[in-house]
Protein chains: 2
Amino acid sequence: MFKKVLIAEDMEDINKGVHTLLKELGILHIEQVQYCDDAYLKIKRAGLDNDPFEMIITDLSFKADHRSQTYPTGQALAEKLNAEFPELKVIVYSVEDRLQAVRTLFNQHHIDAYVCKSRSGLKNLTKAITEVVNGNTFLSPEVSNAFHSTNELEIDDYDISLLENLSKGLSQEEISALYKKVNISPASLSSIEKRLNKLRIQFNANNAIHLVAIVKDLGLI
Amino acid sequence: MFKKVLIAEDMEDINKGVHTLLKELGILHIEQVQYCDDAYLKIKRAGLDNDPFEMIITDLSFKADHRSQTYPTGQALAEKLNAEFPELKVIVYSVEDRLQAVRTLFNQHHIDAYVCKSRSGLKNLTKAITEVVNGNTFLSPEVSNAFHSTNELEIDDYDISLLENLSKGLSQEEISALYKKVNISPASLSSIEKRLNKLRIQFNANNAIHLVAIVKDLGLI
DNA sequence: ACAGTGGTTACGGAAATCCGTAATGTCTTT
DNA sequence: AAAGACATTACGGATTTCCGTAACCACTGT
C-alpha cells in the first residue's frame, strides 16, 4: 500500500470521506487540498524535499471562486502532473461520465484510474486504489464502455474537430479547405468523407445530420 | 454625448480601436477592461462613488485563461448589469451573428444596441452610440432580421416535428412519406424543403446539419 | 527485397440537398 | 363570380453528400 497520498477535492465533505477511506486502507500520510494549484505546489514541494507523493486522488471540476487558478480543472492538473511527475499515480474521482473526457484523460494524460462518484463511488475507489497499487489501471463500470465496450470506440480529437466543424455549418469541402490551410493532416475531401462514414457506422447514424444530433446528445461536442 | 463610458473587450487591439473612436466622439472619461468581472467591479465601484458610468460597450466572448470568472461572457455580464444597473446603457459589440442570441440580449437583458464586428463595424458602432445617446436602440444590419424582418418567429409544432425527424436521421423524402401516411398536412417534399429553408434563414444556419445543431443547443428539440 | 497492412488521396456515379421558379389549390374579400 | 392573398405542390438544375473502387505511399516483418 502507498504511504503518502494527496487528495484534491473542493467539496469539504467528500474530501473528508475519501480521507477516512484512505485511513481505513492503512495509508499513513494523507494530505488534502481544495485547489488544483495547491495540489501542484504540494507535489512540487514534496519532490524537492525528496519525499514525494506516491499518488493523488483528484476531482475534475472545482467551483470557481475569487482565487484565480493556473489549473482550474482536474484535467489541467492531470496534464501538468503527467508531464512533470510521470511516476506519480493519478486517480480521477468525479461525477463526470463523459466518455470522451475519460478517454482523453487515459490516452493523453495517462491517468491510472477513473472512478465515478455515485452510490458505490467509494467502493469503486477502493478497488481502484488496490489496482493502482499493483500497477494496474481501473475504470468505473459507469464509463467502462469508454474503451473495452462492445465496439472499438476510437474517437480521437480529429473526429471531434470534424464533428464540431460540421455542427458549425461547414460543408465537408469547406472543412477540407480549412484543414489544408491550417495543416491538419487528413485534409482531403475523400479522407473526411471516409472518416465521417466510419463515425456514422460507429454511432449507427443514418446521415450526417443524425450523426451530429447523436454526438451532441452524448455531450461529445 | 456621454461623458463616462466603459469598454470591455479582451482583444487589446480592438479595445484600443474602440477607445480611439470614443475619443473622436468627444467622450472625455473612457475606461477599459479585459475581463467581464473587472467591468462589473468598476461599474459597481463607480456607482458607490456616485460617479456612475453612463454606458458600457462590451464584447460577447472572452477567451478563457487562468483567471476564473464570475461572468465569463458578455451575455452573463449584460444579464447582471440589467438587473443591478437598469439605467446603464449597454452596447454589445461582437462578431456573433446568431439571431437567437441577439433576441435574448434585447428581450431578456434589455441591451440598447447590438453591433456586429465586421468591415463596417466601427461605422455601425458610431451610429449605435448616437442612437443610444438619443434614447433609441440600434441593431446592426447583419442581424436586423432578428426582429423587424417578417419577424415571423413563429416556430410551431410542425416545425419542431420536422426538426425532430431530421435529427432522428430521416431524410426529407422519408419525412414526406411519413407525413403522407399519418396525414400531416404539408407533406410534399417541396413543402418540407421550403419550410426547412425558412428555418435555416431564421436561425442563420448554413445547412440542415447546422440548423439541427443550433436548435439542439437552444433546447428546442 | 517483397508481400502485406494501413492510412491518405483520387475518381465516378447514385442519392440527397439546396434553391429558384412556376403551377395549382384554397380561402377571403368585394 | 372575380380577384387577390397565401399555402401547397411540382419541377429543374446546381451543389453536396454518400458510397464503392482503386491508386499511391509509408511502414512492418518473416
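Chain A is the first sequence line, chain B the second, and so forth, proteins listed ahead of strands; every chain is numbered from 1.
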Applying a 4.0 Å non-hydrogen cut-off, can you work out what B/S190 is touching in the nucleic acid: base, sugar-phosphate, or nothing?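 Counting heavy atoms under 4.0 Å across all strands, the contact made by B/S190 includes a base.
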Starting at atom [atom1] of [X], determine the distance to atom [atom2] of [N], rounded to an integer number of angstrom.
X      : N      : atom1 : atom2 : answer
A/E173 : D/dC18 : CD    : C1'   : 14 Å
A/R195 : D/dC19 : CZ    : C1'   : 17 Å
B/Y179 : D/dT9  : OH    : C1'   : 17 Å
B/E193 : D/dG12 : CD    : P     : 14 Å
B/I184 : D/dT8  : CD1   : P     : 13 Å
A/L189 : D/dT17 : CG    : P     : 8 Å
B/N197 : D/dT9  : CG    : P     : 16 Å
B/Q172 : D/dT16 : CD    : P     : 16 Å

inquiry  = Could you check whether B/N206 and A/E174, counting side-chain N and O atoms only, form a donor-acceptor pair closer than 3.5 Å?
reply    =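 Short answer, no.
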Could you tell me the boundaries of the chain A footprint on DNA chain C, defined by atoms under 4.0 Å from its heavy atoms?
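The contact span of chain A on DNA chain C goes from C/dT8 to C/dC11.
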Handout entry: A/N207 side-chain N/O to A/I209 backbone N/O, donor-acceptor pair under 3.5 Å
Key =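 Yes: the side chain of A/N207 pairs with the backbone of A/I209.
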Review point. So, A/E54 side chain and A/K4 main chain: donor-acceptor pair closer than 3.5 Å or not?
Key: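 At least one qualifying donor-acceptor pair exists.
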Look at the side chain of A/R200 and decide which nucleotide, out of D/dT9, D/dC19, D/dT17, has an atom nearest to it.
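Of the options given, the side chain of A/R200 lies nearest D/dC19.
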Q.
Would you say CD of A/E84 has more than 12 non-hydrogen atoms from neighbouring residues, nucleotides or ligands within 6.0 angstrom?
A.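 Yes, because the 6.0 Å sphere around CD of A/E84 holds more than 12 heavy atoms from other groups.
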Within 6.0 Å of NZ in A/K127, more than 12 heavy atoms from elsewhere: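 Atom NZ in A/K127 is not crowded, with 12 or fewer foreign heavy atoms closer than 6.0 Å.
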What is the distance from atom CG of A/N124 to atom CD1 of A/I91, rounded to the nearest 0.5 Å?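 Between atom CG of A/N124 and atom CD1 of A/I91 there are 11.0 Å.
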query: Out of curiosity, A/R103 CZ to A/I160 CD1, how far, rounded to the nearest 0.5 Å?
result: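 Atom-to-atom, A/R103:CZ and A/I160:CD1 are 7.5 Å apart.
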Of B/N207 and B/A187, whose nearest nucleotide on DNA chain D comes first from the 5' end?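 The 5'-side residue here is B/A187.
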Need to verify one output field. Residue with the more 5' nearest nucleotide on DNA chain C, B/A208 or B/K194?
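Between the two, 5'-proximity favours B/A208.
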